[in-house]
Enquirer: 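The structure is given below, and queries will be raised subsequently.
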Amino acid sequence: MNEAPALLALDRIEQALARIESAAHHIKAGEDADLRRRHNDLKACVAQSLAGLDDLLASKGTR
């Protein structure tokens with residue numbers, strides 16, 4: 001299996017997440033609680049998706 005496309009996609013996801021993290025750090029405490037909550041929800045969802053992709057890639061590599 002050629003893992004290059006999957007690894008490139010994961011790199012792009014990680015870069016996007018880093019940009020989101022950076023933007024979230026610029027929000028002042030209490031300035032926009034809804035935006036921070038949405039950011040945390042997105043972060044958790046992306047982490048769960050990445051873990052699933054990691055598991056999928058690991059299972060494909062063991063065959």
Side-chain angles (χ1 to χ4, degrees):
M1 180 176 107
N2 185 358
E3 293 180 2
L7 293 175
L8 288 174
L10 288 175
D11 285 342
R12 289 177 56 205
I13 291 168
E14 288 174 351
Q15 290 169 1
L17 186 56
R19 289 191 303 272
I20 292 168
E21 286 281 338
S22 177
H25 286 292
H26 289 90
I27 298 171
K28 295 177 184 170
E31 183 176 282
D32 195 337
D34 182 55
L35 183 58
R36 183 158 307 275
R37 180 194 55 77
R38 290 170 43 205
H39 165 71
N40 288 335
D41 290 348
L42 177 62
K43 184 176 170 182
C45 182
V46 169
Q48 185 177 14
S49 296
L50 290 176
L53 287 171
D54 189 40
D55 291 343
L56 179 64
L57 289 173
S59 71
K60 296 293 183 184
T62 59
R63 292 183 182 188

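Keep in mind that this is a model prediction, so the values were computed, not measured.
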Enquirer: Main chain of C45, side chain of S49: is a donor-acceptor contact present, judged purely on distance under 3.5 Å?
Expert: yes

Enquirer: The criterion is side chain to side chain contact (heavy atoms under 4.5 Å, CB included); which residues satisfy it with R37, sequence neighbours excluded?
Expert: D34, D41

Enquirer: Does I13 belong to the same Ile/Leu/Val/Met/Phe/Trp/Tyr cluster as L57, with side-chain heavy atoms less than 4.5 Å apart forming each link?
Expert: yes

Enquirer: Would you give the length of the straight line joining atom CG of L42 to atom CD1 of I20, rounded to the nearest 0.5 angstrom?
Expert: 5.0 Å

Enquirer: Is there a side-chain contact between E14 and D11 (heavy atoms, below 4.5 Å)?
Expert: yes

Enquirer: Going by heavy atoms in the side chains, are L50 and V46 under 4.5 Å from each other?
Expert: yes

